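See below for the structure under consideration.
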Amino acid sequence: MNKDQKNDAIELLKSKFSQYSNFYVTNTESLTVAQVNDLRKVCFDKQVEMKVAKNTLIRKALESLDSEKYAGVFDSLHGVTALMFSDSPKEPALIISAFRKANGKLEKPVLKAAFVADEVFVGDNQLTALTNIKTKNELIGEVIGLLQSPAKRVIAALLEKGKKEEAGVEAPAAE
């Protein structure tokens, strides 16, 4: 790879890091070509971009954007690295978990680090926590549900009271 190609790769990575607020750093070493292709297909289907890049290029791209912000990711840049970019904070974690289960309890891809909403999660042991993160839409739905619940109870009580009053008014009139 010549210097111009490296600079192009760094610029591409910088644009991806700027475009997405969530990215996962994974190790796909020891996966077969067919398995990597399957993983790429699943990522594509779920609107997750997967890129394989050299660790030094990833590091340079992150450092040029904000070295303090991404400092927690730097220790994870070793070995074979595949990046997963997503708008959803948990979709890559779900993909990794499902891929492992579908391929006979594989231990790969390994989560080296994840950068989710300005927080760094380091290590494969964080995968379960990342699959349980609530997306913005899920949180909004829960808040709306919580806000609607008391209103629904009040409306139901008023309707019930109205039915009782109607029944009470109609009964004497019938006699």
Side-chain angles (χ1 to χ4, degrees), residues 1-139 141:
M1 194 176 235
N2 66 33
K3 190 170 185 167
D4 288 336
Q5 290 172 323
K6 288 179 183 178
N7 287 335
D8 290 344
I10 290 171
E11 288 304 315
L12 174 71
L13 289 170
K14 282 171 55 175
S15 71
K16 293 298 176 194
F17 289 126
S18 298
Q19 179 183 354
Y20 294 98
S21 57
N22 310 301
F23 66 88
Y24 284 52
V25 180
T26 64
N27 179 350
T28 56
E29 190 176 16
S30 80
L31 288 179
T32 66
V33 172
Q35 289 171 328
V36 171
N37 288 338
D38 289 344
L39 182 60
R40 284 181 186 274
K41 184 181 181 327
V42 171
C43 288
F44 180 78
D45 292 343
K46 303 278 185 171
Q47 284 91 35
V48 174
E49 274 192 65
M50 185 174 156
K51 298 270 183 228
V52 177
K54 291 186 175 193
N55 293 318
T56 52
L57 300 179
I58 296 168
R59 182 183 203 97
K60 287 180 181 182
L62 290 173
E63 285 174 344
S64 67
L65 290 172
D66 188 348
S67 61
E68 288 181 28
K69 181 179 177 180
Y70 299 112
V73 177
F74 295 147
D75 291 339
S76 302
L77 297 176
H78 53 80
V80 176
T81 300
L83 298 167
M84 298 172 93
F85 298 97
S86 175
D87 289 324
S88 166
K90 72 178 189 178
E91 196 62 47
L94 294 172
I95 290 171
I96 292 169
S97 296
F99 187 80
R100 287 179 180 178
K101 288 177 187 171
N103 287 288
K105 304 270 186 201
L106 273 181
E107 293 180 17
K108 301 280 180 164
V110 173
L111 176 67
K112 295 197 265 184
F115 187 83
V116 176
D118 293 334
E119 294 289 324
V120 177
F121 297 83
V122 178
D124 198 53
N125 58 341
Q126 299 292 319
L127 191 61
T128 304
L130 289 165
T131 58
N132 294 326
I133 286 178
K134 298 211 183 278
T135 65
K136 181 180 177 182
N137 289 341
E138 290 171 337
L139 290 173

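Note that the numbering runs from 1 along the sequence shown for the chain. Model, not experiment: these values are computed from the prediction.
Contacts classified as salt bridge (Lys or Arg N to Asp or Glu O under 4.0 Å) and involving residues 108-121 (residues at least two apart or in different chains) are given here: K69-D118. Residue pairs meeting the salt bridge (Lys or Arg N to Asp or Glu O under 4.0 Å) criterion with at least one partner in residues 13-37, sequence neighbours excluded, are E11-K14, K16-E49. Each side-chain hydrogen bond (donor to acceptor under 3.5 Å, both in side chains) pair with one or both residues in residues 122-134, not counting sequence neighbours, appears once here: R100-D124, K134-E142.
Residues meeting the side chain to side chain donor-acceptor pair (under 3.5 Å) test with E63, sequence neighbours left out: R59. The salt bridge (charged side-chain N to carboxylate O under 4.0 Å, His left out) test applied to K60 returns no partner, not counting sequence neighbours. Applying the side chain to side chain donor-acceptor pair (under 3.5 Å) rule to K41 yields the partners D45; only residues at least two apart in sequence or on another chain are considered.
Nearest heavy atom pair, residue F74 against residue S67, reads CE1-O, 3.6 Å. The nearest pair of heavy atoms linking L130 to A114 is CD1-CB, 3.7 Å. Shortest non-hydrogen contact noted between S64 and A61 is OG-O, 2.8 Å. The minimum heavy-atom distance linking E138 with K90 is given by the pair OE2-NZ, 3.3 Å. The two residues F99 and P109 have their closest heavy-atom pair at CD2-CD, 3.6 Å. Counting all heavy atoms, side chain and backbone alike, A82 lies closest to V52 at CB-CG2, 4.1 Å.
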(request) Tell me, with the steps shown, if I58 and F17 meet side chain to side chain contact (heavy atoms under 4.5 Å, CB included). (result) CA-CA 10 Å; I58 296 168; F17 289 126; 3.9 Å; yes
(message) Under the criterion side chain to side chain contact (heavy atoms under 4.5 Å, CB included), I'd like the reasoning laid out for D87 against Q47: C-alpha separation, chi angles, the key distance, then a yes or no.
(response) CA-CA 8 Å; D87 289 324; Q47 284 91 35; over 6 Å; no
(request) Quick one: do L83 and V25 satisfy side chain to side chain contact (heavy atoms under 4.5 Å, CB included)? Show the steps, please. (result) CA-CA 5 Å; L83 298 167; V25 180; 3.8 Å; yes
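Between atom CD1 of residue I95 and atom CG of residue L39 there is a gap of 7.5 Å, rounded to the nearest 0.5 Å. The CD atom of E91 sits 12.5 Å away from the CD1 atom of I133 when rounded to the nearest 0.5 Å. Expressed to the nearest 0.5 Å, how far CG of L111 lies from CG of N27 amounts to 10.5 Å. Expressed to the nearest 0.5 Å, how far CG of L127 lies from CD1 of I96 amounts to 5.5 Å. The line from CG of N22 to CZ of F85 is 11.0 Å long, rounded to the nearest 0.5 Å. Distance check: T56 OG1 to I10 CD1 gives 7.5 Å after rounding to the nearest 0.5 Å.
Aromatic ring orientation, F23 versus Y70: tilted (interplanar angle from 30° to 60°).
In the displayed structure, Q5 atom CD is contacted under 6.0 Å by more than 12 heavy atoms of other residues, nucleotides or ligands.
Two residues are said to be in side-chain contact when any heavy atoms from C-beta on lie closer than 4.5 Å; K46 and M84 fail this criterion.
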